[in-house]
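To start, the structure under review is shown below, and the notes come after it.
Numbers for residues simply follow the sequence, beginning at 1.
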Amino acid sequence: MTRCSICYTVLSQGEPVTVCPDCQQDYHTSCWSEIGGCGSYGCKQAAVAQKPPLPVLVGAGWGDSKTCPSCGQEIGASLLVCSCRARFPWADPMTRDEYAAWTDRQRGIARSRVVLILLFIGSLIGLTAPLAGPTAGVYAWLRRRRLAETGGTYLAMGYGSAAIGGVYLVLIVLLALGQ
């Protein structure tokens with residue numbers, strides 16, 4: 001019972017069979033033809049892989065280049081960073097005003113994150129917690145839409161700081177009443 005070295009099914013009597021002239025492996029004639037030669041690795045009769053054709057590069061619909069809204073230099077249409085270090089949120093061209101609004105928003109988010117980190121640290125310290133915690137909670141609530149764009153981590157940090165500050169405040173009041 002001989003099996004085809006490509007599809008591993010039994011070669012029945014009467015089926016057209018091709019035998020590799022170099023390695024003497026048996027194949028269905030249709031399997032040999034389909035892959036274009038022997039299926040044994042390293043055999044001189046093995047099929048030669050052909051490289052696929054290079055993809056056709058298509059512009060992004062706006063042409064192959066765009067103007068950097070920060071420095072005015074022509075850059076590739078799909079680039080998200082310019083040589084002037086300007087970064088973009090998407091590949092579509094932006095006007096100077098759109099870019100300025102986006103960068104101002106990103107700076108505001110960065111400032112809010114730093115403030116919340118500092119307030120969170122302050123809420124972990126016993127003496128500053130009753131003030132830093134509620135301040136962080138109010139700050140996070142006022143900037144909730146902006147902070148929601150960061151995945152909600154900093155929003156949760158602000159509300160968590162408020163809870164920690166509240167717990168510290170209750171503990172301080174209980175300690176003060178207990179004396």
Side-chain angles (χ1 to χ4, degrees), residues 6-7 34-36 39 41 47-179:
I6 293 174
C7 68
E34 187 175 335
I35 69 164
Y41 180 75
V48 177
Q50 294 180 356
K51 288 185 178 181
L54 292 173
V56 177
L57 296 176
V58 178
W62 291 93
D64 292 340
S65 65
K66 63 183 176 186
T67 304
C68 173
S70 179
C71 69
Q73 177 183 346
E74 286 293 315
I75 60 173
S78 62
L79 293 179
L80 298 177
V81 179
C82 179
S83 60
C84 71
R85 297 184 184 233
R87 296 186 178 277
F88 317 110
W90 51 79
D92 289 339
M94 298 175 81
T95 65
R96 199 174 274 278
D97 293 337
E98 288 171 334
Y99 180 70
W102 181 78
T103 54
D104 287 344
R105 186 163 189 77
Q106 295 306 307
R107 283 189 206 112
I109 290 171
R111 279 191 304 271
S112 296
R113 291 189 327 210
V114 168
V115 168
L116 279 172
I117 289 170
L118 294 174
L119 288 171
F120 180 75
I121 292 169
S123 71
L124 296 176
I125 300 169
L127 294 174
T128 59
L131 182 61
T135 304
V138 169
Y139 187 83
W141 184 78
L142 292 174
R143 288 168 176 74
R144 65 189 176 277
R145 286 192 180 92
R146 178 183 292 172
L147 292 170
E149 294 177 21
T150 64
T153 302
Y154 294 95
L155 192 59
M157 187 183 293
Y159 294 150
S161 297
I164 293 170
V167 169
Y168 269 110
L169 183 62
V170 168
L171 289 174
I172 290 171
V173 168
L174 289 176
L175 285 173
L177 293 176
Q179 288 184 2

Measure the spacing between CG of Asp92 and OG of Ser78 and express it to the nearest 0.5 Å.
11.0 Å
Within the distance-only criterion (no hydrogens, no angle test), does the side chain of Arg105 pair as donor or acceptor with the backbone N or O of Trp102 below 3.5 angstrom?
no
Correct closest heavy-atom pair for Leu124 and Tyr168 would be O-OH, 3.4 Å
Between Lys66 (side chain only) and Ala91 (backbone N and O only), is there a donor and an acceptor less than 3.5 Å apart?
yes
Taking everything shown except Arg144 itself, do over 12 heavy atoms lie less than 6.0 Å from its CZ?
yes
Atom pair CG (Leu177) and CD1 (Ile172), whose distance is rounded to the nearest 0.5 Å:
12.0 Å
List the atom of Leu147, the atom of Ser112, and the distance in Å for their closest heavy-atom pair.
CD2-CB, 3.9 Å
How long is the gap from SG on Cys82 to CD1 on Ile75, to the nearest 0.5 Å?
5.0 Å
To the nearest 0.5 angstrom, please state how far the CD1 atom of Ile35 sits from the CD1 atom of Ile6.
3.0 Å
Crowding at CD, Glu149 (>12 non-hydrogen neighbours, <6.0 Å)
yes
Taking every non-hydrogen atom, the tightest pair across Tyr99 and Ser70
CE2-CB, 3.7 Å
Would you give the length of the straight line joining atom CD1 of Ile164 to atom CE of Met157, rounded to the nearest 0.5 angstrom?
10.0 Å
So Tyr154 and Ile117, side-chain contact (heavy atoms from CB on, under 4.5 Å) or not? Walk me through it.
CA-CA 8 Å; Tyr154 294 95; Ile117 289 170; 3.9 Å; yes
Please examine the side chains of Phe88 and Cys68, heavy atoms only from C-beta on, and report whether any two atoms are closer than 4.5 Å.
yes
Value for CG (Leu118) from CZ (Arg113), rounded to nearest 0.5 Å, stands at 13.0 Å
So does Leu127 have more than 12 non-hydrogen atoms from other groups sitting under 6.0 Å from CG?
no
Is it true that Gln73 and Thr67 share a donor-acceptor pair across their side chains at a distance under 3.5 Å?
no
Taking every heavy atom of Ala140 against every heavy atom of Leu116, the minimum-distance pair comes out as CB-CD2, 4.3 Å
Minimum-distance pair of heavy atoms, taken over all atoms of Glu74 and Ser65
OE1-OG, 3.0 Å
So, the side chain of Arg87 versus the backbone of Val81: is there a donor-acceptor pair under 3.5 Å, distance only?
no
Nearest heavy atoms of Gly165 and Pro134, plus distance in Å
CA-CD, 4.5 Å
